[in-house]
Amino acid sequence: MPNTHVPAPGEAMPAANVSRRLALLGGLSAAAALAALPRAHATPAEHLDAELFRLDREMEEAEARMEAASDANCRAGSMCEKLYPPRPPEWKRPSTPDHVLDILADMSFNDRKAEQQPEPVRAWYKACAEQKSESEALWKAYKTKVEEIDCEAGMDGLEDAYNDSVDAMWQVGHRIFATPADTLDGIIIKIRAGDRMGAPDANEAFLSIAADVRRLAAAEATS
């Protein structure tokens, strides 16, 4: 007769059920569904994964602060963009005129040195250099104005606050992966942390969960 006992919220999953329940995950799609499960309103202090539940709540709060910092950054950025001057056009070297190409075609490599170039060729290169300098001056003025607008809006501080909030959430995530999970509840918390942190830390989440599964499987085999 199979064990059909369903643990109450906060109750540790029996070791004998761990491998059977893990088999039901069936892959990443099931894992993502588990990560979206609602959290228990209260976690008993004696729960085997009480520390992971505490870290899960801490990460949820850190994520909320990160989202708030991101929203503030985006709102300020949108306001600044409305005040930016028009962007100068990108400078591209114009096509060489046919008469200059004809002259260059009749010249050797050494003859193309600046001091030996015919006047039409020197005039063409000089015009290109002047156009490029004018474009660079326009871009420099544009970037200076953008920086002034961003500075007045406090964008540097907002970006620093956002980056700090991201780092804070990531630090909690790494602590979650470093904490062994003794129940399926704890493994779900790690899946949820991996979803929050995204692809760059997916391997760390996988290695942490794999270590938990191996440990739980070994405990079940010896029980």
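Using a 4.5 Å heavy-atom threshold, the side chains of Pro94 and Trp124 count as touching. The shortest distance between side-chain heavy atoms of Trp139 and Glu90 falls below 4.5 Å. Side-chain atoms of Cys151 and Asp156, non-hydrogen and from C-beta on, never get closer than 4.5 Å to each other. Residues His174 and Met197 form a side-chain contact, since some pair of their non-hydrogen atoms from C-beta on lies under 4.5 Å apart. Side-chain atoms of His47 and Thr183, non-hydrogen and from C-beta on, do get closer than 4.5 Å to each other. Taking 4.5 Å as the limit, every side-chain heavy atom of Glu63 sits out of range of all side-chain heavy atoms of Val166. Taking 4.5 Å as the limit, every side-chain heavy atom of Lys143 sits out of range of all side-chain heavy atoms of Val146. In this structure, the side chains of Asp185 and Ile189 stay at 4.5 Å or more apart for every pair of heavy atoms.
With 3.5 Å as the limit, one finds a donor-acceptor pair spanning the side chains of Asp150 and Tyr84.
Smallest separation of non-hydrogen atoms from Ala181 and Asp212: N-OD1, 3.1 Å. Listed here is the closest heavy atom pair of Val121 and Val100: CG2-CG1, 4.2 Å. Nearest heavy atom pair, residue Asp182 against residue Asp49, reads N-OD1, 2.9 Å. Considering all non-hydrogen atoms of both residues, Ala153 and Cys80 come closest at CB-SG, 3.4 Å. Of all heavy-atom pairs spanning Tyr142 and Pro88, the tightest one is CG-CD, 3.7 Å. Here the shortest heavy-atom pairing between Met155 and Asn73 reads CE-OD1, 3.2 Å.
The pair Glu51-Arg54 meets the salt-bridge criterion, since a charged nitrogen lies less than 4.0 angstrom from a carboxylate oxygen. Under 4.0 Å is where a charged nitrogen must lie from a carboxylate oxygen, and between Arg192 and Glu60 no such pair does.
The CE atom of Met59 sits 5.5 Å away from the CZ atom of Arg196 when rounded to the nearest 0.5 Å.
Under the 4.5 Å side-chain heavy-atom criterion for Ile, Leu, Val, Met, Phe, Trp and Tyr, Trp170 and Leu52 are members of the same hydrophobic cluster.
Not counting sequence neighbours, Glu130 has no partner by the side chain to side chain donor-acceptor pair (under 3.5 Å) test.
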Under the side-chain contact (heavy atoms from CB on, under 4.5 Å) rule, what do Val213 and Ile187 come out as? Steps first, then yes or no, please. CA-CA 9 Å; Val213 172; Ile187 291 176; 4.3 Å; yes
